Amino acid sequence: MSKNLLSDLNSQQLQAVQTVNGPVLIVAGPGSGKTRVITKRIAFLVDSGNCAPSEIAAVTFTNKAAKEMLGRLEDLMGYSANLVTISTFHSFCSSILRRYGGHIGINQNFVIYDDDDQIRAIKKCMEEANIDPKKFSPRSILSAISNSKSELRDHESFSSIKSNYFDEIVGRVFERYEEMLFANGAVDFDDLLLKTYLLFNKNQEIAQIYQHRFKHFMVDEFQDTNVAQYAIAKKLSDLSRNLCVVGDPDQSIYSWRNADIRNILSFQTDFPEATIIALEENYRSTQNILTAAQNVIAKNKERVDKNLWTNNKKGGLITIKENYNEDEEAQSVINEIMKISESKNYSLSDIAVMYRVNAQSRALEMSCQKNGIAYQIVGGVKFYQRKEIKDITSYLRVISNPNDDVSLARIINVPTRSIGKRTSSEISKVAITNNISMFEAIERVCKDSHLNDFLPSQLSSRAVNSLTKFVNLISILRKDIDQETLASTVDKIIINTGYKEYLAKDENADERLENLQEYKNSTSEFDDLSGLEGITAFLENISLVSDIDGLADLDQSITLITLHQAKGLEFPIVFMVGMEEGMLPHIRSIESGDPTELEEERRLCYVGMTRAKENLFLHRAFRRGFRGGSEPTLPSRFLSDIPTTLTNTVGLNQVHSTNQDSITKRNNKKKHPGLQNSYDQSKNQQSRSSKKLPRRKTINKIDLTPSKEEWTYSIGNKVKHPTFGDGIVISIEGSGPDPVLTIAFKNKHGIKKLLASMAKLKKL
DNA sequence: AATTAGGCATTTTTT
DNA sequence: ATGCCTAATT
């Protein structure tokens with residue numbers, strides 16, 4: 001056995017690597033060398049003759065994590081690393097269903113519906129079941145269905161539980177939805193897990209194939225698995241009992257996606273003989289950063305305390321930076337980054353800016369562009385979710401399976417070919433009454449139109465004409481797919497459908513065409529597969545690929561990323577922006593009134609902070625853009641949980657602080673009656689910070705705008721509002737600096753009451 | 001059928 | 001502010 005395999009491990013890591021018999025739970029704090037332990041454990045299993053590489057399976061959360069794991073395993077054991085099954089839970093299950101799904105009636109060439117497809121399908125089901133989408137949002141119904149599936153309950157067991165009216169409705173849609181998926185040869189994300197589980201339970205012999213094949217099963221990010229995933233993992237290790245799970249309850253941030261933190265507890269009950277190992281030495285962060293993060297997470301009630309420590313140096317102070325609004329926040333981040341970059345100690349790829357919601361990236365992107373800083377953005381509008389990409393993908397799906405109604409409905413009139421809503425709903429009706437797919441319905445209508453067998457009187461001959469053309473189009477596209485590469489099939493689609501001309505009308509035509517080019521390029525790795533096979537493989541690939549997987553290690557660009565996506569990554573320098581109440585913790589978790597949701601926000605904050613190796617910057621803004629307008633904010637409660645000895649607060653000049661005080665008071669009364677406590681803390685912190693600060697005159701954009709005191713209004717003033725246009729002040733309520741103005745606007749906007757400080761009014 | 005205007009909800013995070 | 005959907009208009 002190679003000596004260096006075990007030489008650089010601490011005693012806990014060593015134990016984790018060498019405990020290879022029986023169930024193991026590894027609680028791995030951030031930066032504790034988790035990946036190293038997993039890969040070395042695999043290498044050790046092989047090295048010590050415990051099993052062959054092909055008898056080991058390790059599942060991760062993202063493809064990126066899987067790829068990285070494979071890479072590091074290759075470093076340890078060379079080519080044989082490729083014999084280890086390393087993949088995400090979803091693609092692992094997908095390949096099982098591809099092979100054995102037939103046993104439970106799953107089409108071998110099933111497509112995987114993404115979120116968008118699911119919503120479309122749900123809407124269609126609701127339509128058919130006569131359920132008003134205004135009364136019940138398709139989103140919430142889908143989420144109920146997804147919930148149910150994640151807990152291993154199919155529509156039958158869902159319906160069998162007597163419940164409230166909403167569940168009644170969900171049950172009806174659920175049943176129809178399942179039929180639709182089946183008829184379309186499709187499964188959704190949750191099905192990949194649920195059906196795999198059902199397959200194993202119905203067909204023990206298939207379960208046994210995998211139970212025998214995998215002597216060792218490892219699950220990474222165990223805190224983020226759902227009930228279905230855990231059940232599958234348990235099933236697979238029924239025989240071997242060699243289930244090793246690695247996770248950190250403090251980094252559980254996906255409960256909204258049905259991840260169930262109780263899996264960790266279940267594991268301990270299900271496997272009472274399990275060895276439990278805690279990895280507590282942090283190799284990643286400076287002492288200051290680790291201590292700060294520890295102080296934040298320590299406030300959670302529902303947790304077991306850990307004893308994290310590090311031998312790293314103390315490091316610099318954590319910078320808390322206050323800014324006026326999100327634009328200045330972004331600019332101050334970029335300024336700092338330019339300073340860092342000039343120092344030459346770091347490259348741009350060492351730097352990440354993290355935020356709670358994707359929308360926050362916009363201000364950052366703009367600042368990057370303005371200052372010529374290259375950036376890499378993860379997420380946002382996801383590549384495979386862009387309209388042009390989804391359109392062409394839907395064509396591919398229809399080519400490979402014309403019975404996929406959801407995909408067909410998407411492209412039947414894109415580009416427009418005179419098949420309107422009316423015509424498609426007639427087709428839909430024909431399809432339902434005859435229990436056939438929409439495509440079959442179209443074919444029959446066209447073929448038999450002269451016989452009048454299937455032609456509903458409502459369908460004009462013109463409509464039939466258009467439909468005939470559509471059927472011909474599809475058959476042209478389907479022809480010869482076995483002889484051509486995927487890229488040429490895509491080309492054929494773009495040309496024959498007139499998609500290019502259709503795009504030309506779009507204002508982002510160039511960008512969209514580029515996207516299609518990129519899409520085409522991405523097909524090349526499937527070139528050696530023929531026709532249908534290639535399409536199926538390609539479609540599966542794009543369904544299971546996430547944006548973070550494409551995150552490259554580009555040397556010349558910073559990374560913009562959400563806190564969720566940042567899990568598992570690390571950067572020498574981390575900026576967290578939007579450290580405000582309502583942003584982090586997110587308003588939804590505050591308003592839900594559910595303390596566990598706030599605890600999850602805290603964990604999210606913890607995850608973000610512990611991504612940083614050397615320097616951590618926490619930015620907040622006094623005002624935050626919200627639905628067009630801009631609203632005052634309170635500092636995040638998490639900021640006040642960091643000991644001030646670890647931080648250096650950089651505030652704004654006095655003008656802004658005063659501004660903020662009055663804003664804060666009003667805001668506190670108005671919007672956050674339940675937050676007295678954190679408000680007090682934040683106020684203390686703020687007065688502390690403003691005392692420390694020298695009064696400095698900075699000339700910036702904000703100082704140029706008149707202060708509120710100068711904005712006195714009287715009746716008859718003419719004003720201009722950015723959206724309502726010109727108007728006249730007709731009454732003023734309340735005295736003092738911030739009255740409520742009643743303004744009569746021109747045109748149809750009429751009379752509005754506006755708070756002087758909030759409305760972006762210009763005096764004329 | 002296609003285009004346009006106006007009304008409405010929306011925004012967490014993603015395999 | 002933006003985007004999606006519906007209703008009204010061409």
Side-chain angles (χ1 to χ4, degrees), chain A residues 59-66 87-94 112-116 118-119 123 133-134 137-139 143 146 149-150 187-193 220-221 224-226 228-229 252-259 354-362 378-382 384-385 387 413-424 460 462-463 466 502 505 540 542-549 561-568 578 582-592 597 600-601 603-605 607-608 624-630 722-723 747-749 760:
Chain A
V59 292
T60 61
F61 196 63
T62 62
N63 290 299
K64 184 177 198 288
S87 69
T88 65
F89 244 116
H90 286 87
S91 56
F92 180 75
C93 290
S94 181
I112 302 164
Y113 276 2
D114 68 12
D115 191 70
D116 181 64
Q118 289 182 64
I119 286 288
K123 280 184 182 160
K134 292 231 176 78
S137 88
R139 249 274 82 89
S143 139
S146 169
K149 287 185 176 181
S150 308
V187 301
D188 64 20
F189 276 118
D190 302 307
D191 281 339
L192 292 174
L193 307 170
D220 191 14
E221 307 283 13
D224 286 322
T225 53
N226 63 28
Q229 288 166 325
S252 156
I253 53 175
Y254 282 102
S255 73
W256 51 274
R257 224 185 60 196
N258 306 319
M354 302 178 182
Y355 37 81
R356 178 67 234 262
V357 302
N358 276 310
Q360 286 174 274
S361 71
R362 231 191 53 181
V378 182
V381 190
K382 287 149 215 72
Y384 289 110
Q385 232 159 281
K387 180 181 158 33
N413 201 27
V414 176
T416 50
R417 52 176 71 90
S418 302
I419 303 176
K421 220 168 57 181
R422 184 66 193 274
T423 310
S424 6
S460 67
R462 204 174 128 215
S466 308
Y502 167 74
K505 279 185 252 166
E540 158 143 353
I542 64 178
S543 308
L544 295 176
V545 151
S546 71
D547 283 326
I548 192 168
D549 302 332
I561 193 169
T562 66
L563 289 165
H564 281 89
Q565 294 174 119
K567 189 183 73 169
M583 217 62 233
L584 183 67
H586 192 269
I587 185 79
R588 285 246 302 229
S589 64
I590 298 173
E591 283 175 351
S592 76
E597 287 198 24
E600 182 146 320
E601 296 291 307
R603 292 193 291 269
L604 195 51
C605 182
V607 166
R624 171 90 29 201
F626 183 69
R627 295 226 264 273
S630 143
T723 39
N747 307 329
K748 47 230 151 210
H749 294 300
K760 285 181 268 181

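Every chain is numbered from 1 and lettered A, B, ... according to where its sequence line falls, protein lines coming before strand lines. Every value quoted in this text rests on a predicted model; they were computed, and no experiment measured them.
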Trainee: A:Tyr502: which residues meet the ring pair (Phe, Tyr, Trp, His ring centres under 6.0 Å) condition with it, sequence neighbours left out?
Mentor: A:Tyr499
Trainee: When you measure from the side-chain N and O atoms of A:Thr562 to the phosphate of B:dT14, is any distance below 4.0 Å, counting only OP1 and OP2?
Mentor: yes
Trainee: Are the ring of A:Phe89 and the six-membered base ring of B:dT15 within the stacking cut-offs of under 5.5 Å and under 30°?
Mentor: no
Trainee: Reckon A:Thr88 has a side-chain N or O less than 4.0 Å from the OP1 or OP2 of B:dT15?
Mentor: no
Trainee: For DNA chain B, which consecutive runs of 3 or more Watson-Crick or G-U pairs (each distance under 3.5 Å) count as stems?
Mentor: B:1-10 with C:1-10
Trainee: Check side chain to side chain donor-acceptor pair (under 3.5 Å) between A:Arg257 and all other residues, then give those that pass, not counting sequence neighbours.
Mentor: none
Trainee: Does a side-chain N or O from A:Asn258 land closer than 4.0 Å to OP1 or OP2 of B:dT14, or not?
Mentor: no
Trainee: From C-beta outward on A:His90, which listed nucleotide comes closest to its side chain: B:dT14, B:dA2, B:dT15?
Mentor: B:dT15
Trainee: According to a cutoff of under 5.5 Å between the ring centres and under 30° between the ring planes, does A:Trp256 stack with the base of B:dT13?
Mentor: yes
Trainee: Considering only nitrogen or oxygen atoms on both sides, find all protein atoms under 3.5 Å from nucleotides 6-10 of chain C and state each distance.
Mentor:
none

Trainee: From the list B:dT15, B:dA2, B:dT14, which nucleotide is the closest neighbour of the side chain of A:Asn413?
Mentor: B:dA2
Trainee: Quick check: on DNA chain B, is the nucleotide nearest A:His586 upstream (toward 5') of the one nearest A:Gln118, or the reverse? Name the residue that is more 5'.
Mentor: A:His586
Trainee: Once you round it to whole Å, what is the distance between C1' of B:dT14 and CG of A:Leu604?
Mentor: 13 Å
Trainee: Below 4.0 angstrom from OP1 or OP2 of B:dT13, is there any side-chain N or O of A:Gln565?
Mentor: no
Trainee: Which of these nucleotides, B:dT11, B:dT14, B:dT15, is closest to any side-chain atom of A:Arg588?
Mentor: B:dT11
Trainee: Answer yes if the side chains of A:Ser589 and A:Glu600 hold a donor-acceptor pair under 3.5 Å, and no otherwise.
Mentor: no
Trainee: Give every pair of a protein N or O atom and an N or O atom of nucleotides 3-5 of chain C that lie under 3.5 Å apart, one pair per line with the distance.
Mentor:
unit_1, atom_1, unit_2, atom_2, d
C:dC5, OP1, A:Lys123, NZ, 3.1

Trainee: Run the numbers on A:Asp115 and A:Arg139 for salt bridge (Lys or Arg N to Asp or Glu O under 4.0 Å), then give the verdict.
Mentor: CA-CA 10 Å; A:Asp115 191 70; A:Arg139 249 274 82 89; 2.8 Å; yes
Trainee: Does B:dT13 have its OP1 or OP2 closer than 4.0 Å to a side-chain nitrogen or oxygen of A:Asn358?
Mentor: yes
Trainee: Got a sec, which residues hit ring pair (Phe, Tyr, Trp, His ring centres under 6.0 Å) with A:Phe189, two or more places apart in sequence or on another chain?
Mentor: A:His90
